[in-house]
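Working notes for the structure below.
Hydrogens, waters and symmetry mates play no part in the numbers below; they use all other heavy atoms, side chains included.
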Amino acid sequence: MMMVNKLKYIVVLLMVFEVAAFCQNYTQYVNPFIGTTNFGTTNPGAIVPQAMVSVVPFNVTGSDLNKWDKDARWWSTPYSWDNQFLTGFSHVNLSGVGCPDLGVIMVMPTTGTVDANLKHYGSIMSGQRAEPGYYTCKLEKYNVKAEVTSTKRTGLSKFTFPKGESNIIIDLGNSLTNESGAYVKVVSDREVEGWRMTGNFCYHGNSERPVYFVARFNKPATSFGAFKKMPAMMGAEKDWSASSGKFKYYTQFLHPLAGDSIGAYFSFDTDAGESVMVQVGISYVSIANARQNLEYESNGFSFEKTRNEAREEWNNVLSKVRVEGGTEDQKTVFYTALYHMNIHPNIINDVNGQYPMMESYGIGEVKDRDRYTVFSLWDTYRNFHPLMSLLYPEKQLDMVRSMVDMYKEGGWLPKWELNSKETYTMNGDPSFPVITDTYLRGLTDFDVQTAYEAMLKSATTPQKDNKIRTNNDFYLQKGYVPFTEDYDNSVSIALELYLADWNLGVLANKLGYRKEGKRFISQSKGYKNYFDKKTFKMLRPKKADGTFIADFDPLQGQNFEPVHGFHEGTAWQYTFGVPHDINGLIKLNGGGKQFAKKLQDIFDHQLFDMANEPDMHYPFLFNYVKGQEWRAQKEVQRLLDTYFKNEPGGIPGNDDCGTMSAWVAYSMMGFYPVCPGDMNYTITKPVFDKVTIELDARFYADSTFQIIKHSGADKEYIKSIRWNGQAVKSFFIHHDRVVNGGKLEIHMGEKE
């Protein structure tokens, strides 16, 4: 009887441990400051997963105290860890991107007389702290404690003031976008509405879009008004204008006001330690929708309830993967990567389902799903979307549905879409690998026939009528994109098209269109046109007459300098950029031994760029050469240790809407999808002793996928691999195995 009781006790204890694992607070391992310097361009603002709104400390303008200033240089983020002069909290922002836009609807607390000049009202910030869904700091100039949290479509700010006259300024002039124009109307002593123009992402002039807002306060203001910056006048006009070139204030003003540098202010008589809260609802459709979003998602100004709900949302998202072992810093790097992955793409639909249609100002509507925006596809197709398919299939499916709907509305699949506008940023046809990869991973519940139709249209339309492939005529005739002028991106463009066409061919075959499948897969082998067999034995720009360009320098393009034939990188960083035909690439390079040596030279001679996408799959290519797999393990571990850290500079360059973070997450778990559209993951050494992925039973088997590392000394290498107890002879595992659940055991040992 005693033995039975003991067994019961053990079973109960195991159940307690299991429940504890599921109830773990994963948000404790997120550091929102990772990537906020070193050009990571992330920010520590309050946001919930895939939200329209983020409440971000805006500290990139207004003072020489700041290291980085948006008005002094190209700058693409509303926040930098290196800066200390705050000019408010923006409510619509981008994370991890390389071009400036948004950073609008600014809220700033001040004390004393209202002054709308940001250089005057800005303040040194101190005591910064952030967690998922929450940020706080102290404004030294005013002795004000600022705290912000958010919901999907609203931001909630809580400002704790000293005794006296306290103000909250809504500044519609201060922003990150280079687009101007705004409208504001004070509705009452506790509400204001309006809109702000955004756009010109990467200075493309076709991405303008208004953002609508309604801001509401938890108490009535003792006074309020609007303001605008008056133009500088000349001569007699200046003589009779007391506000020439200055801000003009309209007290108790309840009428519409439009212009560029405009805004509103609300003043309060506060006791010491009294808090005033403002909640801002956002919409891309209308002021009425912004108000509806605000009313629907408001918790009645309950700051702690909103903050706790945000934390729980994040905990639910992060709990899809449980890691055991590793250091606290490694867990923080990993879960922060998952955190950054769940910021973009973000929803653009309001609570009523309405959203701005692609490439128009019409209004569309979704039901029972979300419409997504911010598709940085040149970056995210490589690893982000495959990982979203595995961890968050419902979101990934809605993202692909959104892309197909964009084609239905605007006539083309997205390239780099922002707020239902095409920015035409970066190269290639990057929607193709996302659509094909998603479909092959078993997420087929979208209009695949229309998606295939859209892909065919882009791949075959002559360039004069083609908004995506502007080099299509020569490419279709000769199989490559010719070098036509100094510093063009011809090789990079073609490499992207080859991968896109391979994915189109794979999807065509899957759908039964064998003729088209054969055509596009054959077309994808055109990269061989660029291979210089005689001299450099690498990809080299080629002119229309079939000759290689002269004075070719494989190192040209370092540090983002202009380069002939390549985009944001050197020839070294593109020469192995053919993930859909690694075996063909190995053959071109003289076989496995020569291929591995050349690949190792790239790492040994610092020719690899961890901060950019085209070569981020390089370390995993060693797994394609038998006997060289240990090199992949060595390089991946070295890159993780060198570039990814639990500190503000802990991302080596732009996070690119979660792409760099997806690389980190995969690499730390111990597997990676080298080529989108190829369902084989390649295996490397995990950082953690155990990784458990909870598969979504609505899409995959009702089970888990586990990776277990046996004997994990830092300098050990993989000696054997077992899948559900059976020996695996290669360093690859198919996606179908993973999503049906099972156990991947990796046994470590010393390198022979």
Report task. Kindly indicate whether the side chain of Thr151, heavy atoms from C-beta on, has any atom under 4.5 Å from the side chain of Val48. Result -> no
Report task. Could you tell me whether the side chain of Ser524 and the main chain of Ile521 form a donor-acceptor pair under 3.5 Å? Result -> yes
Query raised in the report: If you measure from CD on Glu313 to NZ on Lys152, what distance do you get to the nearest 0.5 Å?
Result: 4.5 Å
Query raised in the report: Closest heavy-atom contact between Pro614 and Arg382?
Result: CA-NH1, 3.9 Å
Query raised in the report: What do the steps show when you test Thr425 against Lys415 for side chain to side chain contact (heavy atoms under 4.5 Å, CB included), and what is the final call?
Result: CA-CA 7 Å; Thr425 304; Lys415 188 174 186 179; over 6 Å; no
Report task. Decide side chain to side chain contact (heavy atoms under 4.5 Å, CB included) for Leu443 and Val400; before the verdict, give the C-alpha distance in whole Å, the side-chain angles of both, and the deciding distance to 0.1 Å. Result -> CA-CA 10 Å; Leu443 306 182; Val400 172; over 6 Å; no
Query raised in the report: Under the 3.5 angstrom rule, does the side chain of Thr42 hit a backbone N or O of Gly35 as a donor-acceptor pair?
Result: yes
Query raised in the report: What's the spacing between Ser492 OG and Gln573 CD if we round to 0.5 Å?
Result: 10.0 Å
Requested in this report: For Asn724, check side-chain hydrogen bond (donor to acceptor under 3.5 Å, both in side chains) against everything at least two apart and list the hits.
Outcome: none
Query raised in the report: Can you tell me if Gln50 uses its side chain to pair, donor with acceptor, with the backbone of Ile347 under 3.5 Å?
Result: no
Query raised in the report: Looking only at heavy atoms, what is the nearest atom pair of Ala611 and Gly653, with distance?
Result: CB-CA, 4.2 Å
Query - Heavy-atom donor-acceptor pair, Asn654 side chain to Asp656 backbone, under 3.5 Å - result: no
Query raised in the report: Does the Asp370 side chain pair with the main chain of Tyr372, one donor and one acceptor, at a distance under 3.5 Å?
Result: no
Query raised in the report: Are Glu635 and Arg638 ion-paired here, with the side-chain N under 4.0 Å from a carboxylate O?
Result: yes
Requested in this report: Would you mind reporting whether Tyr717 and Glu750 have side-chain heavy atoms less than 4.5 Å apart?
Outcome: no
**Report entry** Distance in Å, Leu497 CG paired with Arg469 CZ, rounded so as to fall on 0.5 Å steps
**Finding:** 4.5 Å
Query raised in the report: Backbone N or O of Leu456 within a donor-acceptor pair of the Thr460 side chain at under 3.5 Å?
Result: yes
Report task. Report the residue from Tyr624, Phe595, Tyr527, Phe620 that forms a ring-ring contact (aromatic ring centres under 6.0 Å, His included) with Phe576. Result -> Phe595
Requested in this report: Using a strict cut-off of less than 4.0 Å between a Lys/Arg side-chain nitrogen and an Asp/Glu carboxylate oxygen, indicate whether Glu131 and Arg311 qualify as a salt bridge.
Outcome: yes
Report task. Could you grab the distance from atom CE of Met388 to atom CG of Leu397, nearest 0.5 Å is fine? Result -> 11.5 Å
Requested in this report: Assess the pair Phe705 and Tyr700: is the distance between their ring centroids shorter than 6.0 Å?
Outcome: no
**Report entry** Trace of the side chain to side chain donor-acceptor pair (under 3.5 Å) decision for Glu417 with Thr423
**Finding:** CA-CA 6 Å; Glu417 176 272 350; Thr423 71; over 6 Å; no
Query raised in the report: Is the backbone N or O of Cys657 less than 3.5 Å from a side-chain atom of Asp655, with the two atoms forming a donor-acceptor pair by type?
Result: no
Query raised in the report: Measuring from Leu585:CG to His580:NE2, what's the distance to the nearest 0.5 Å?
Result: 9.5 Å
Query raised in the report: Any side-chain heavy atom of Phe375 sitting closer than 4.5 Å to one from Val434?
Result: no
Query raised in the report: Per the ring-ring contact (aromatic ring centres under 6.0 Å, His included) rule, which among Phe384, Phe644, Tyr643 passes with Trp663?
Result: Phe644
Report task. May I ask you to say whether Lys634 pairs ionically with Glu716, meaning some side-chain N is under 4.0 Å from a carboxylate O? Result -> no
Query raised in the report: In terms of heavy-atom contacts, does CZ of Arg369 have more than 12 from other residues, nucleotides or ligands at under 6.0 Å?
Result: yes
Query - CE-NE2 distance between Met679 and His734, expressed to the nearest 0.5 angstrom - result: 7.0 Å
Requested in this report: Apply the test side chain to side chain donor-acceptor pair (under 3.5 Å) to residues Asn93 and Ser54: give CA-CA distance (whole Å), side-chain angles for both, the deciding distance (0.1 Å), then the verdict.
Outcome: CA-CA 6 Å; Asn93 303 278; Ser54 57; 3.1 Å; yes
Query - Asn680 and Ile733, any side-chain heavy atoms less than 4.5 Å apart - result: no
Requested in this report: Walk me through it: do Glu745 and Lys719 pass the test salt bridge (Lys or Arg N to Asp or Glu O under 4.0 Å)?
Outcome: CA-CA 11 Å; Glu745 295 183 85; Lys719 299 299 292 184; over 6 Å; no
Query - Sub-4.5 Å side-chain heavy-atom contact between Val323 and Thr692 - result: no
Report summary line: Gly45 and Asn43 have their tightest heavy-atom pair at N-OD1, 2.9 Å
Report task. Using the test side-chain hydrogen bond (donor to acceptor under 3.5 Å, both in side chains), find all partners of Trp378 that sit at least two apart in sequence or belong to another chain. Result -> Glu496
Report task. Could you check Asp581 against Lys587 for salt bridge (Lys or Arg N to Asp or Glu O under 4.0 Å), going step by step and ending with a plain yes or no? Result -> CA-CA 10 Å; Asp581 190 27; Lys587 186 176 180 180; over 6 Å; no
Requested in this report: Please test Asp350 against Met52 for side chain to side chain contact (heavy atoms under 4.5 Å, CB included), starting from the C-alpha separation and ending with a verdict.
Outcome: CA-CA 9 Å; Asp350 296 323; Met52 181 188 298; 3.8 Å; yes
Query - Lys/Arg-Asp/Glu bridge criterion (N-O < 4.0 Å) met for Asp447, Lys408 - result: yes
Query raised in the report: Is the Phe622 ring parallel, tilted or perpendicular to the Phe603 ring (thresholds 30°, 60°)?
Result: tilted
Report summary line: The single option from Tyr335, Trp314, Tyr339 that satisfies ring-ring contact (aromatic ring centres under 6.0 Å, His included) with Tyr26 is Tyr335
Requested in this report: Would you confirm whether the ring centroid of Phe334 sits within less than 6.0 angstrom of the ring centroid of Tyr29?
Outcome: no
Query - Asp501 side chain to Phe520 backbone, donor-acceptor under 3.5 Å - result: no
Report task. Look only at the side chain of Thr704 and the backbone of Ile693, and say whether a donor-acceptor pair between them is shorter than 3.5 Å. Result -> no
Query - Under 3.5 Å donor-acceptor, Asn315 side chain and Gln24 backbone - result: yes
Query raised in the report: Does the side chain of Ser402 pick up a donor-acceptor pair with the side chain of Asp405 at under 3.5 Å?
Result: no
Query - Closest non-hydrogen atom pair between Phe699 and Pro393, with its separation - result: CD1-CG, 3.5 Å
Query - Sequence neighbours excluded - side-chain hydrogen bond (donor to acceptor under 3.5 Å, both in side chains) pairs with any residue from residues 434-445 - result: Gln396-Thr438, Arg401-Asp445, Asp437-Arg441, Arg441-Tyr681, Arg441-His735
Query raised in the report: Does a side-chain heavy-atom distance below 4.5 Å link Leu377 with His385?
Result: yes
Requested in this report: Report the C-alpha separation of Val321 and Val691 in whole Å, then their side-chain angles, then the decisive distance to 0.1 Å, and conclude whether the side chain to side chain contact (heavy atoms under 4.5 Å, CB included) test is met.
Outcome: CA-CA 7 Å; Val321 185; Val691 176; 3.9 Å; yes
**Report entry** Side-chain heavy atoms of His344 within contact of Ser95, under 4.5 Å
**Finding:** yes
**Report entry** Test: Glu694 and Arg322 ion pair at under 4.0 Å
**Finding:** yes
